[in-house]
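For reference, the structure is listed below as structure tokens.
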Amino acid sequence: MPVLHRAMQIVIIIACISATSASNDNPVPLKEIMKGVVFSLSGYKNPKRSDLREKGIEMGARYKPDWDSTCTHLICAYDNTPKFGQVMK
């Protein structure tokens with residue numbers, strides 16, 4: 001499993017724990033866990049690409065097919081993808 005893919009799983013797990021432990025009276029809805037996150041994917045092929053995109057959107061993030069200045073996160077299948085190189089410039 002690629003390192004950055006594991007990082008995405010960790011982010012999702014932490015977000016879910018935070019949402020459920022925030023308050024028993026006011027749990028954060030699933031669709032708001034990643035509110036404010038704008039992400040792009042690099043190096044993934046379908047069906048994994050679609051799965052990651054849909055999970056992020058389900059949790060309230062916005063997806064951008066191309067990296068731009070509004071993106072807050074880049075999720076890469078491996079180091080040195082073209083988008084990774086663009087972001088590191």
Side-chain angles (χ1 to χ4, degrees):
M1 184 181 321
V3 174
L4 292 175
H5 183 220
R6 277 183 274 173
M8 178 60 172
Q9 289 178 334
I10 291 168
V11 168
I12 291 169
I13 291 167
I14 291 170
C16 290
I17 291 169
S18 297
T20 56
S21 64
S23 167
N24 289 338
D25 296 332
N26 283 329
V28 176
L30 178 66
K31 65 183 179 183
E32 293 181 14
I33 290 173
M34 294 180 73
K35 185 177 179 179
V37 170
V38 180
F39 72 100
S40 187
L41 298 170
S42 186
Y44 287 100
K45 296 190 186 303
N46 283 320
K48 180 62 78 178
R49 182 179 195 83
S50 296
D51 291 343
L52 289 170
R53 181 180 57 239
E54 292 308 312
K55 285 176 180 152
I57 291 169
E58 243 179 80
M59 291 186 288
R62 284 187 28 226
Y63 170 75
K64 301 280 265 207
D66 298 311
W67 177 266
D68 66 26
S69 62
T70 65
C71 292
T72 59
H73 294 75
L74 176 63
I75 303 166
C76 297
Y78 53 89
D79 292 343
N80 299 323
T81 66
K83 285 183 192 173
F84 182 81
Q86 178 186 356
V87 171
M88 296 307 291
K89 285 184 183 180

Same cluster or not: are Val28 and Val37 linked, directly or through other Ile, Leu, Val, Met, Phe, Trp or Tyr residues, by side-chain heavy atoms under 4.5 angstrom apart? yes
Tightest non-hydrogen contact, residues Thr81 and Cys76, listed as OG1-SG, 3.8 Å
Would you compute the distance between atom CG of Leu30 and atom NZ of Lys55 and round it to the nearest 0.5 angstrom? 11.5 Å
Do Ser40 and Trp67 pass the side chain to side chain contact (heavy atoms under 4.5 Å, CB included) test, and can you show the C-alpha distance, the side-chain angles, and the key distance before you say yes or no? CA-CA 6 Å; Ser40 187; Trp67 177 266; 4.3 Å; yes
For Thr72, the side-chain hydrogen bond (donor to acceptor under 3.5 Å, both in side chains) test, sequence neighbours excluded, returns none
NZ-CG distance between Lys48 and Leu41, expressed to the nearest 0.5 angstrom: 11.5 Å
Pair listing, salt bridge (Lys or Arg N to Asp or Glu O under 4.0 Å) test, anchored in residues 57-70, at least two apart: Lys64-Asp68
Closest non-hydrogen atom pair between Pro65 and Lys83, with its separation: O-NZ, 2.5 Å
What one should report as the nearest heavy-atom pair of Leu74 and Val87 is CD2-CG2, 3.7 Å
Gap separating the OH atom of Tyr44 from the CG atom of Asp51, nearest 0.5 angstrom: 11.0 Å
Indicate, with yes or no, if Ile75 and Tyr63 share a hydrophobic cluster defined by side-chain heavy-atom contacts under 4.5 Å among Ile, Leu, Val, Met, Phe, Trp and Tyr. yes
Contacts satisfying salt bridge (Lys or Arg N to Asp or Glu O under 4.0 Å) that involve residues 29-41 (not counting sequence neighbours) are none
